[in-house]
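Per chain, numbering begins at 1; letters A, B, ... match sequence-line order. Quantities reported herein were computed from a predicted structural model and do not represent experimental measurements.
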Amino acid sequence: MTIYLHDTLQRRKVVFEPLQAGRVTMYLCGPTVYNYAHIGNARPAVVFDVLAGLLRRRYEVIFARNITDVDDKINAASVETGKPIDEITARFIKAYNDDMGALGVLPPDIQPRATEHIAEMIEMIEKLVADGFAYAADGHVLFDVAAFDRYGQLSKRDVRELIAGARVEVAPYKRAPQDFVLWKPSTPELPGWTSPWGRGRPGWHIECSAMSEKHLGRTIDIHAGGQDLVFPHHENELAQSTCAHGGEVFARHWLHNGFLSMDSTKMSKSLGNVLLVHDLVKTIPGEVIRLALLSAHYRQPLDWSDDLLESSRKMLDRIYGALRNIQLVADVRESAEPASAVLAALEDDLNTPKALSELFNLVRQLNKTDETGQRMAHAATLLASAALMGIAQGDAEVWFSGNTGSDLSADNIRRLIDERNAARAAKDFAIADAKRDELQSAGIIIEDGPSGTTWRRAN
RNA sequence: GGCUAGGUGGCAGAGUGGUUAUGCAGCGGCCUGCAAAGCCGCGGACAUCGGUUCGAUUCCGUUCCUAGCCUCCA
């Protein structure tokens with residue numbers, strides 16, 4: 001089997017092959033920690049969590065997802081709230097990790113922080129200056145875009161079009177408007193570090209170049225992030241890393257996820273139309289949110305809506321419904337392999353919608369099987385397949401009845417069901433139906449099955 | 001204006017040069033005391049106009065429309 005991934009640089013799907021056989025290095029641009037993560041920020045975390053898991057089946061994987069903890073917006077938040085920067089970043093790093101955890105995102109192998117890699121950044125900048133790819137001017141250090149002839153290759157942008165004016169900041173210390181900041185001076189009240197160019201702080205792009213080199217090496221296999229990072233962030237990283245490494249390939253595969261929108265408009269912090277993961281997980285199971293994020297292909301746009309969540313919840317109802325009332329023997333479950341159709345879909349550029357459709361084919365197969373041993377085998381395959389996407393791994397009974405969401409306690413529900421069944425046994429269907437109506441009006445739906453009556457909350 | 005992606009049945013959303021996924025919703029049947037769940041079946045789609053082809057939703061081009069990037073942003 002072969003893994004295919006779409007590469008932004010080549011604009012096509014390519015066969016994935018790590019530089020070193022059996023070992024994959026992967027870097028994902030993580031959050032800037034000045035606020036809670038919104039659901040759009042969660043998309044790359046979830047999507048590339050699935051990818052990391054998929055790769056781990058076949059390779060040793062070293063997965064780094066950074067934390068940007070030095071940034072103008074963090075400084076602004078500190079000024080605004082009067083709280084120290086460390087307190088703000090510590091708080092939102094924890095919140096980010098907790099929120100992603102609620103969505104079933106496993107921690108990356110390495111979570112490097114920008115402030116802990118200032119020395120590496122300075123070292124890289126010095127190298128760029130020494131080799132003529134960057135210049136110091138007026139307390140700043142700038143990357144000289146003209147010195148890198150392939151600049152613009154990732155975003156397919158013509159440097160000549162990056163003209164001065166409203167689009168690109170013009171500053172007197174720049175040789176050319178498109179030159180970008182590697183290092184900038186800091187004021188006494190803002191965070192700063194001693195450097196050959198005076199007390200200052202790093203520009204935005206240099207941190208990822210320095211941290212990926214330190215933790216993953218000069219050439220990494222996969223560099224991932226949101227589509228909006230293609231330009232300028234990744235274009236600039238590509239330029240500075242390539243130049244600092246004597247022309248060696250920086251990232252062998254570039255992966256970018258599409259955007260989340262609401263009402264066909266991009267969700268973004270600057271527009272203010274954001275839904276925070278922190279709030280959503282209070283009322284919606286993280287699994288439902290995770291499935292919603294995986295219901296469209298990762299490179300396609302995804303419009304967030306209540307309908308999407310409703311539909312995702314119903315998909316999980318169907319999967320858990322099939323798994324309910326099956327007691328899986330431990331070794332059957334543990335030895336189960338995912339269905340090849342599901343695996344193949346995911347290994348084809350992470351085609352999660354296709355994988356889900358194959359998952360539902362397994363559900364149907366399970367539902368129409370009567371024989372217990374066969375059912376167990378199908379259920380185990382279904383579970384192992386769903387595990388590839390990190391969904392439906394919980395207890396089915398808990399899914400349907402863990403939280404009644406109604407005023408009736410589980411004991412009272414059971415009592416009404418017993419009373420109804422007594423009436424049914426006595427063929428007093430008027431009373432039986434009255435009991436069922438009573439349950440239904442309390443948000444409880446009952447199902448008479450071969451092994452007795454079960455119930456679930458109505459959504 | 002430049003550059004990228006897209007436009008698929010009531011909705012969501014894959015995919016394919018000829019056999020029309022999957023989930024939800026709808027319809028019919030089976031099961032059930034009746035339901036629910038499940039199973040079986042049905043209907044209904046490939047924005048537009050041209051071109052290539054024996055044949056295009058799928059390839060090429062036109063037009064229209066949508067979103068994103070070009071500035072901090074996943």
Checklist entry - Does a donor on one side chain and an acceptor on the other come within less than 3.5 Å for A:Ser451 and A:Asn325? => result no
Item to check | Between A:Tyr320 and A:Asp395, a side-chain donor and acceptor under 3.5 Å | outcome: no
Item to check | Side-chain N or O of A:Trp204 closer than 4.0 Å to phosphate OP1/OP2 of B:C73 | outcome: yes
Checklist entry - Reckon A:Asn351 has a side-chain N or O less than 4.0 Å from the OP1 or OP2 of B:A14? => result no
Checklist outcome for this item: Those residues at least two apart in sequence (or on a different chain) that pass ring-ring contact (aromatic ring centres under 6.0 Å, His included) with A:His117 are A:His215
Checklist entry - With sequence neighbours left out, what residues match A:His223 under ring-ring contact (aromatic ring centres under 6.0 Å, His included)? => result A:Tyr27, A:His234, A:Phe250, A:Trp254
Cationic N near anionic O, under 4.0 Å, [X] to [Y]:
X	Y	value
A:Asp317	A:Lys314	no
A:Asp349	A:Lys354	no
A:Asp179	A:Lys174	no

Given the [atom1] atoms of [N] and [M], what is the spacing between them in whole Å?
N	M	atom1	value
B:U16	B:C69	P	28 Å
B:U58	B:A21	C1'	15 Å
B:G51	B:C72	C1'	46 Å
B:A14	B:U57	C1'	14 Å
B:G43	B:U19	P	15 Å
B:C49	B:G6	P	22 Å
B:C64	B:U48	C1'	7 Å
B:G13	B:G23	C1'	9 Å

Checklist entry - Which residues satisfy the side-chain contact (heavy atoms from CB on, under 4.5 Å) test with A:Arg318, sequence neighbours excluded? => result A:Phe360, A:Val363, A:Arg364, A:Asn367
Item to check | Partner residues of A:Pro202 under the side-chain contact (heavy atoms from CB on, under 4.5 Å) criterion, sequence neighbours left out | outcome: A:Val70, A:Ile118, A:Met121, A:Trp183, A:Trp193, A:Ile206
Checklist outcome for this item: Heavy-atom nearest pair, A:Arg424 first then A:Ala432, reads CG-CB, 3.7 Å
Next on the checklist: Looking at every non-hydrogen atom in both residues, tell me the closest pair between A:Ala42 and A:Val277 and how far apart they are.
Outcome noted: CB-CG2, 3.9 Å
Distance check needed: [N] [atom2] versus [X] [atom1], whole Å only.
X	N	atom1	atom2	answer
A:Tyr36	B:A74	OH	P	17 Å
A:Arg457	B:A37	CZ	C1'	14 Å
A:Phe360	B:A14	CZ	P	14 Å
A:Leu356	B:A14	CG	P	10 Å
A:Asn325	B:G38	CG	C1'	12 Å
A:Phe180	B:C72	CZ	P	12 Å
A:Lys13	B:A14	NZ	C1'	11 Å
A:Met389	B:G23	CE	P	14 Å

Report, one line per pair, each donor and acceptor closer than 3.5 Å where one atom sits in a side chain of residues 289-296 of chain A; sequence neighbours left out.
residue  : atom : partner  : partner atom : Å
A:Arg290 : NE   : A:Met389 : O            : 2.8
A:Arg290 : NE   : A:Gly390 : O            : 3.4
A:Arg290 : NH1  : A:Asp49  : OD2          : 3.2
A:Arg290 : NH1  : A:Leu103 : O            : 2.9
A:Arg290 : NH1  : A:Gly104 : O            : 3.1
A:Arg290 : NH2  : A:Asp49  : OD2          : 2.9
A:Arg290 : NH2  : A:Met389 : O            : 3.3
A:Ser295 : OG   : A:Ala292 : O            : 2.8

[X] side chain, from C-beta outward: closest of [options]:
X	options	answer
A:Pro232	B:C72, B:A36, B:U22	B:C72
A:Phe231	B:A14, B:U22, B:C69	B:C69
A:Ser357	B:C72, B:U22, B:C69	B:U22
A:Ser268	B:A14, B:C69, B:C73	B:C73

Item to check | Greater than 12 external heavy atoms within 6.0 Å of A:Glu189's CD | outcome: yes
Next on the checklist: Output one letter per nucleotide in nucleotides 5-11 of chain B: B when a protein non-hydrogen atom lies under 4.0 Å from the base, S when only the sugar-phosphate is that close, - when neither is.
Outcome noted: -------
Checklist entry - In B/S/- notation, 5' to 3', how is nucleotides 24-35 of chain B contacted by protein heavy atoms closer than 4.0 Å? => result S--------BBB
Each nucleotide N or O in nucleotides 40-47 of chain B that has a protein N or O under 3.5 Å away: list the pair and distance.
residue : atom : partner  : partner atom : Å
B:C40   : OP1  : A:Lys368 : NZ           : 2.9

Next on the checklist: Listing request: all side-chain hydrogen bond (donor to acceptor under 3.5 Å, both in side chains) pairs with a residue in residues 29-39 of chain A, at least two apart in sequence or in separate chains.
Outcome noted: A:Tyr36-A:Arg91, A:His38-A:Asn41
Checklist outcome for this item: Residue pairs passing the side-chain hydrogen bond (donor to acceptor under 3.5 Å, both in side chains) test with at least one member in residues 370-381 of chain A, sequence neighbours excluded, are A:Thr369-A:His378
Checklist entry - How is A:Leu260 classified with respect to the nucleic acid when contacts are heavy atoms under 4.0 Å: base, sugar-phosphate, or nothing? => result base
Checklist entry - When all nucleic acid strands are considered with a 4.0 Å heavy-atom cut-off, which category describes A:Asp71: base, sugar-phosphate, or nothing? => result nothing
Checklist outcome for this item: Per salt bridge (charged side-chain N to carboxylate O under 4.0 Å, His left out), A:Arg420 is matched among A:Asp433, A:Asp448, A:Asp437 by A:Asp448
Item to check | Whichever of A:Gly225 and A:Leu308 has its nearest RNA chain B nucleotide further upstream toward 5' | outcome: A:Leu308
Checklist entry - Side chain of A:Lys73, base of B:C73: donor and acceptor closer than 3.5 Å? => result no
Checklist entry - Between A:His233 and A:His205, how do the two ring planes meet: parallel, tilted or perpendicular, split at 30° and 60°? => result tilted
Item to check | Consecutive-pair stems (at least three Watson-Crick or G-U pairs, under 3.5 Å) that include RNA chain B | outcome: B:1-7 with B:64-70, B:10-12 with B:22-24, B:26-30 with B:38-42, B:49-51 with B:59-61
Next on the checklist: Given 3.5 Å as the limit, does a donor-acceptor pair link the side chain of A:Gln111 with the main chain of A:Ile67, or not?
Outcome noted: no
Next on the checklist: If you apply the rule side chain to side chain contact (heavy atoms under 4.5 Å, CB included), what do you find for A:Phe16 with A:Val24, and how did you get there?
Outcome noted: CA-CA 10 Å; A:Phe16 172 74; A:Val24 175; 3.7 Å; yes
Next on the checklist: If you take any heavy atom closer than 4.0 Å to RNA chain B, which residues from residues 37-49 of chain A end up in contact?
Outcome noted: A:His38, A:Gly40, A:Asn41, A:Pro44
